[in-house]
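Presented below is the structure to which this report refers.
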Amino acid sequence: MVTLSAPHAQDCVALAEIELCGELMIAAADAMEDRLSPDRIDEVLDVRPDPAVPALSTTVPRQGRYRG
């Protein structure tokens, strides 16, 4: 039997993703421009470049290299 009071790891990940999406939606609603810039998205998601990670091709979204 599964209890709702004990969240599974997948539930925690899903909740974290929902929270990040919410933060992006709030930032987009507050933005003066039509789209958020990649730098603004990185700022909202609190993504910092890792100097040990080589830069990826410009065709790959910058945020993709920091996701696990």
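Atoms considered below: every heavy atom in the structure, side chains included; atoms not considered: hydrogens, waters and symmetry mates. In this text, all values refer to a predicted model and were calculated from it rather than measured experimentally.
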Checklist entry - Roughly how far, to the nearest 0.5 Å, is the CD1 atom of Ile18 from the CD atom of Glu23? => result 12.5 Å

Checklist entry - Which heavy atom of Ala27 sits nearest a heavy atom of Val44, and at what distance? => result CB-CG2, 3.5 Å

Next on the checklist: Assigning hydrophobic clusters by single linkage (Ile, Leu, Val, Met, Phe, Trp, Tyr; side-chain heavy-atom cutoff under 4.5 Å), is Leu15 placed with Val13?
Outcome noted: no

Checklist entry - Cluster question for you: counting only ILVMFWY and a side-chain heavy-atom cut-off of under 4.5 Å, with indirect links fine, are Leu45 and Ile26 together? => result no

Checklist entry - More than 12 heavy atoms of other residues, nucleotides or ligands under 6.0 Å from CD of Glu33: is that the case? => result yes

Next on the checklist: According to a hydrophobic-cluster definition based on side-chain heavy atoms being under 4.5 Å apart (Ile, Leu, Val, Met, Phe, Trp, Tyr only), do Leu36 and Met25 belong together?
Outcome noted: no

